[in-house]
Amino acid sequence: MKDRQYSMDQERAPIYEALEKFRQMRVVPFDVPGHKRGRGNPELSAFLGERCVGVDVNSMKPLDNLCQPISVIREAEALAADAFMAHHAFLMVGGTTSAVQSMVLTACKRGDEIILPRNVHRSVINALVLCGAIPVYVNPEVDQKLGISLGMKRSEVQKAIDQHPNAVAVLVNNPTYYGICSDLKAIVDMAHKAGMLCLVDEAHGTHFYFGENFPVSAMEAGADMAAVSMHKSGGSLTQSSLLLTGSKIRTDYVRQIINLTQTTSGSYLLTSSLDISRRNLALRGRRIFNQVAEMAEYARKEINLIGGYFAFGREMINNDSVFDFDVTKLSVHTRDIGLAGIEVYDLLRDEYDIQIEFGDIGNILAYVSLGDRSEDVERLVSALAEIRRRFQTDGSGLLNQEYIAPTVIYSPQEAFYAEKESIPLRQTSGRICSEFVMCYPPGIPILAPGEKITDEILDYIEYAKVKGCNMTGTEDPLILRLNVVK
């Protein structure tokens with residue numbers, strides 16, 4: 001990517017500037033929040049710091065209002081749009097979950113079809129539960145060695161478009177948690193040629209807009225909407241995100257959709273963190289993410305020299321289901337040392353005080369980003385070498401499949417709200433699930449409402465539980481029982 005020339009002054013951070021000005025005014029607070037700049041909760045002030053709680057304030061004229069911004073928040077949105085090559089950018093304080101759901105709710109209404117890969121984040125299917133749209137799944141190709149789902153093949157997307165010409169949108173994960181990228185530009189063009197919108201869950205691709213030699217970003221590819229998780233690789237506070245839109249999307253309507261579900265008490269801690277982080281990326285992102293990519297590539301090389309592990313990267317590219325690869329994603333296959341990914345995840349935390357992003361049945365992901373240091377990477381590599389030496393086994397009995405293609409019987413909304421019954425897990429085979437079952441992270445459902453339960457899926461759930469995966473989504477927290485359609 002060449003050096004960017006911005007249209008606006010990216011040195012500005014209007015929300016941050018307004019909060020600093022407000023801090024100096026010594027306003028007497030007879031509004032919410034009730035802690036009154038921390039004075040009412042000294043323990044909270046001591047824990048978070050007086051500067052932090054001092055700007056945990058309510059919406060007011062000098063600070064604008066997230067629900068209908070007209071001044072400093074609106075200016076911060078315009079600066080974010082300029083930095084991310086979007087027509088408009090919305091500051092989101094409900095996480096990328098809120099951004100993803102707003103995309104789907106903008107594009108779809110009850111009965112509409114939407115084309116998407118099945119390995120989407122739960123937030124996408126949650127949106128289908130809310131709006132009543134019908135998923136048309138493009139089952140991704142699976143890498144049999146790694147046991148992971150790949151991207152959307154161009155031919156499969158075109159087939160889905162041809163078979164469902166009335167679908168309103170195509171949704172793409174780009175990149176996946178593992179760093180896999182589809183041919184986004186081609187999919188955008190296919191969708192637009194068919195009169196459909198293209199929506200991109202770009203939660204893990206914030207850095208695509210700022211570094212060199214990264215996969216194409218959603219806005220650069222011409223997508224209509226993209227959900228960008230600034231708190232993941234962009235440096236903002238947890239739960240802060242951006243929703244980007246293209247020129248064909250009605251901005252005021254999107255605002256109405258966002259306001260259906262997002263809080264009316266938007267946190268200034270979150271919005272100011274988005275403002276400051278956007279400025280940092282616009283001014284220094286190219287250098288930062290070049291360093292991040294170099295660290296991740298170095299770690300990949302060193303981990304592969306250990307033996308037994310496979311830290312995969314650009315060699316995965318096949319020009320279709322793996323059209324490109326995000327080199328900042330340090331994804332490592334662990335089954336060849338006889339350990340499930342979740343077992344290595346637990347060992348890194350419990351034995352070596354290293355917290356990685358996630359471990360699943362066969363892989364781990366160490367999230368490398370702008371706050372990491374070379375000495376931290378060395379410590380991770382050394383710990384993985386020790387784990388191999390101390391804990392390697394023959395691996396007999398390990399499952400190798402991360403993705404099981406579902407059979408969809410009902411729409412997510414129909415199944416979720418259907419009359420249901422709770423029955424023992426092993427007795428659910430052949431029935432239709434009416435809730436979610438997933439490992440979190442990454443939050444991709446093993447089962448979603450409306451899908452047929454099979455013995456293979458039940459084996460996977462029980463195996464994941466035994467290995468220590470964090471299972472969520474069900475009414476029964478132990479997952480001894482499942483809700484099924486009556």
Side-chain angles (χ1 to χ4, degrees), residues 1-20 51-52 55 72-73 75-86 88-93 96 99 174-175 179 202-220 226-244 268-300 324-330 357 366-378:
M1 182 186 290
K2 296 179 181 178
D3 285 330
R4 293 266 308 278
Q5 296 297 316
Y6 296 108
S7 301
M8 301 180 68
D9 180 7
Q10 290 292 332
E11 297 266 4
R12 293 287 315 282
I15 300 174
Y16 161 73
E17 293 160 8
L19 285 169
E20 285 287 27
R51 288 183 64 84
C52 178
V55 293
V72 294
I73 294 177
E75 186 181 354
E77 289 181 341
L79 283 160
D82 182 41
F84 284 83
M85 300 183 284
H88 194 87
F90 297 87
L91 309 186
M92 307 295 292
V93 297
T96 309
N174 209 74
E202 203 172 28
H204 299 279
T206 304
H207 47 290
F208 288 4
Y209 292 88
F210 302 100
E212 288 183 291
N213 302 316
F214 285 144
V216 66
S217 68
M219 289 295 104
E220 198 174 6
V228 177
S229 201
M230 275 286 280
H231 72 91
K232 288 186 170 69
S233 61
S236 63
L237 291 178
T238 296
Q239 202 176 305
S240 59
S241 185
L242 294 174
L243 175 58
L244 309 177
Y268 282 92
L269 299 178
L270 298 182
T271 55
S272 62
S273 83
L274 284 169
D275 201 22
I276 294 166
S277 299
R278 178 272 313 153
R279 179 174 67 178
N280 182 46
L281 296 186
L283 299 180
R284 292 173 282 275
R286 181 187 177 100
R287 173 181 56 79
I288 287 169
F289 289 123
N290 284 348
Q291 291 174 348
V292 170
E294 287 174 6
M295 272 195 293
E297 290 282 39
Y298 170 79
R300 204 174 344 265
D324 209 341
F325 186 83
D326 174 13
V327 295
T328 73
K329 297 294 184 295
L330 186 55
E357 176 65 13
Y367 217 98
V368 184
S369 195
L370 69 176
D372 288 305
R373 305 169 300 175
S374 57
E375 55 263 41
D376 298 327
V377 171
E378 295 287 2

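Treat the numbers as computed from the prediction; the structure is a model and nothing was measured. Throughout, residue positions are numbered sequentially from 1 according to the sequence presented.
Remark: side-chain polar atoms of S277 are not paired, donor with acceptor, to backbone N or O of L274 under 3.5 angstrom. Between the D275 side chain and the I15 main chain, a donor and an acceptor come within less than 3.5 Å of each other. With K329 contributing its side chain and H204 its backbone, the two residues share a donor-acceptor pair below 3.5 Å. Put simply, the side chain of E202 gets close to the backbone of A218: a donor and an acceptor are under 3.5 Å apart.
Residues E220 and F208 fail the side-chain proximity criterion, which asks for heavy atoms closer than 4.5 Å. Counting only heavy atoms from C-beta outward, the side chains of S233 and Y367 approach each other to under 4.5 Å. Counting heavy atoms from C-beta outward, Q239 and L270 have side chains that approach closer than 4.5 Å. Proximity of M92 to M230: side-chain heavy atoms (C-beta onward) are nowhere separated by under 4.5 Å. A 4.5 Å side-chain heavy-atom check between V216 and D324 finds every atom pair outside the cut-off. Residues S272 and V55 form no side-chain contact, since every pair of their non-hydrogen atoms from C-beta on lies 4.5 Å or further apart. Inter-residue side-chain proximity for N280 and L370 is flagged as met; some heavy-atom pair is nearer than 4.5 Å.
Just one residue in the list N290, I288, L283 forms a side chain to side chain contact (heavy atoms under 4.5 Å, CB included) with R286, and that residue is N290.
Side chains of E77 and H88: a donor on one and an acceptor on the other come within 3.5 Å. Side-chain contact annotation: S229 with T96, donor-acceptor N/O pair under 3.5 Å present.
In terms of the salt bridge (charged side-chain N to carboxylate O under 4.0 Å, His left out) criterion, residue partners of E375 (sequence neighbours excluded) are, by chain and number, R373. Partners of F214 according to the ring-ring contact (aromatic ring centres under 6.0 Å, His included) rule, which considers only residues two or more places apart in sequence or in another chain, are H207.
Taking the six-membered ring for Trp and thresholds of 30 and 60 degrees, F210 and F84 have ring planes more than 60 degrees apart, a perpendicular arrangement.
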Distance-only criterion, 3.5 Å: show the donor-acceptor pairs between side-chain atoms of residues 292-299 and protein atoms not counting sequence neighbours.
residue, atom, partner, partner atom, Å
E297, OE1, R300, NE, 3.0
E297, OE1, R300, NH2, 3.3
Y298, OH, E378, OE1, 3.4
Y298, OH, E378, OE2, 2.6

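Ionic pairing of R12 and D9 is not present here: no N-O contact between side-chain nitrogen and carboxylate oxygen is shorter than 4.0 angstrom.
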